[in-house]
Amino acid sequence: MPTEVFILNGVNLGTLGQRRPEVYGSLTLSDIERMLEGKFPAVEFEFRQTDYEGEMVGFIREAAESGGLALNPGAWTHYSYALHDALEAVLVPKVEVHLSNVHARESWRRHSVVSPAVDAVVAGMGASGYVTAVQYILSRSEDRR
Ligand code: DQA
């Protein structure tokens with residue numbers, strides 16, 4: 001059976017490509033999704049993006065029976081205890097992804113309230129960060145076999 005992996009993108013990530021390309025790159029979210037499908041043909045991807053926090057909580061719960069999830073929470077990273085609690089309750093491999101190096105930017109971006117509820121964090125690798133996250137999730141699912 002193919003491994004199912006959720007790729008979750010939060011607030012404002014639907015505008016990738018147009019939004020500050022010098023910081024977030026010139027690829028759109030759908031370019032990134034097609035790139036992941038091309039690199040991991042054996043993975044069954046569930047791609048979701050929303051600007052609504054409660055909807056994202058639902059997506060995180062949906063991933064509870066999957067092989068794992070990669071989440072870029074956007075600005076929710078820095079203040080959403082709701083996403084932290086939703087992640088804490090889902091026991092699959094979980095990776096927090098940031099396109100930019102949040103530690104080299106404004107001080108408020110240096111703190112993530114989500115990180116304590118995930119297994120790994122990737123930041124500053126641009127779109128490749130999603131590839132790294134999927135590789136990690138797949139390595140975890142091999143460990144469990
Ligand atoms: C981001 C970093 C966040 O601080 C910001 O609010 C985003 C994108 C990133 O991918 O680098 O929307 O998560």
Side-chain angles (χ1 to χ4, degrees), residues 2-141:
T3 308
E4 187 185 29
V5 175
F6 279 69
I7 306 293
L8 305 176
N9 281 282
V11 61
N12 289 314
L13 288 155
T15 61
L16 281 182
Q18 299 145 39
R19 176 186 175 215
R20 302 203 60 198
E22 74 286 6
V23 176
Y24 298 117
S26 56
L27 298 182
T28 64
L29 186 54
S30 84
D31 291 336
I32 293 173
E33 292 171 350
R34 299 296 81 75
M35 184 263 292
L36 290 174
E37 284 174 334
K39 283 197 189 293
F40 300 99
V43 171
E44 193 185 303
F45 284 109
E46 297 290 343
F47 296 115
R48 306 271 195 282
Q49 190 275 326
T50 182
D51 292 328
Y52 297 93
E53 191 181 15
E55 194 172 20
M56 183 58 85
V57 168
F59 294 156
I60 292 168
R61 287 192 195 137
E62 239 190 280
E65 303 300 321
S66 73
L69 69 88
L71 167 65
N72 184 342
W76 290 327
T77 306
H78 314 296
Y79 63 87
S80 176
Y81 299 122
L83 292 190
H84 169 281
D85 286 358
L87 286 163
E88 201 177 45
V90 169
L91 306 177
V92 299
K94 291 162 282 189
V95 186
E96 176 184 341
V97 177
H98 300 288
L99 292 150
S100 66
N101 177 0
V102 282
H103 301 287
R105 299 181 63 198
E106 298 95 323
S107 59
W108 58 269
R109 289 189 207 271
R110 289 185 203 140
H111 184 63
S112 166
V113 300
V114 166
S115 295
V118 298
D119 302 291
V121 181
V122 181
M125 290 176 61
S128 314
Y130 292 91
V131 175
T132 302
V134 174
Q135 281 165 340
Y136 169 76
I137 291 165
L138 294 179
S139 74
R140 288 279 307 270
S141 73

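Please read these numbers as outputs of a predicted model, since none were measured by experiment. Numbering of ligands and ligand atoms starts at 1, following listing order. This chain uses plain numbering: 1 for the first residue, then up along the sequence.
Using cut-offs of 30° and 60° for the angle between ring planes, the H78 and H98 rings count as parallel.
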Next on the checklist: With side-chain contact (heavy atoms from CB on, under 4.5 Å) as the criterion, how do L69 and F59 come out once you've worked through the C-alpha distance, each side chain's angles and the decisive distance to 0.1 Å?
Outcome noted: CA-CA 10 Å; L69 69 88; F59 294 156; over 6 Å; no
Item to check | Evaluation steps, side-chain contact (heavy atoms from CB on, under 4.5 Å), between V43 and I137 | outcome: CA-CA 11 Å; V43 171; I137 291 165; over 6 Å; no
Next on the checklist: Pair S66, E46 - check side chain to side chain donor-acceptor pair (under 3.5 Å), show working.
Outcome noted: CA-CA 10 Å; S66 73; E46 297 290 343; over 6 Å; no
Next on the checklist: Walk me through whether Y24 and N12 qualify under side chain to side chain donor-acceptor pair (under 3.5 Å).
Outcome noted: CA-CA 11 Å; Y24 298 117; N12 289 314; over 6 Å; no
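Residue H98 touches ligand 1 through backbone and side chain together, judged by heavy-atom distances below 4.0 Å.
Any N or O atom pair closer than 3.5 Å counts here, and A75 shares at least one such pair with ligand 1. Any N or O atom pair closer than 3.5 Å counts here, and H78 shares at least one such pair with ligand 1.
Given atom 5 (C) of ligand 1, the protein heavy atom at minimum distance is R109 NH1, 3.2 Å. Looking only at heavy atoms of the protein, atom 9 (C) of ligand 1 is closest to L99 N, 3.4 Å. Counting only heavy atoms of the protein, atom 11 (O) of ligand 1 lies nearest to S100 OG, 2.6 Å. For atom 8 (C) of ligand 1, the nearest protein heavy atom (residue, atom name, distance) is Y24 CE2, 3.5 Å.
Atoms CG and CD1, from L87 and I60 in turn, are 4.0 Å apart once rounded to the nearest 0.5 Å.
Per-residue contacts place V102 under 4.0 angstrom from the following atoms of ligand 1 (heavy atoms of the residue considered): 2 (C), 4 (O). Each of the atoms 1 (C), 9 (C), 10 (O), 13 (O) of ligand 1 lies under 4.0 Å from some heavy atom of N72.
Remark: distances from the non-hydrogen atoms of R19 to ligand 1 include one below 4.0 Å.
Side-chain atoms of E96 and K94, non-hydrogen and from C-beta on, never get closer than 4.5 Å to each other. Two residues are said to be in side-chain contact when any heavy atoms from C-beta on lie closer than 4.5 Å; N101 and R105 fail this criterion.
Of the listed residues (G129, G126, G124, G74), the one carrying the non-hydrogen atom nearest atom 7 (C) of ligand 1 is G74.
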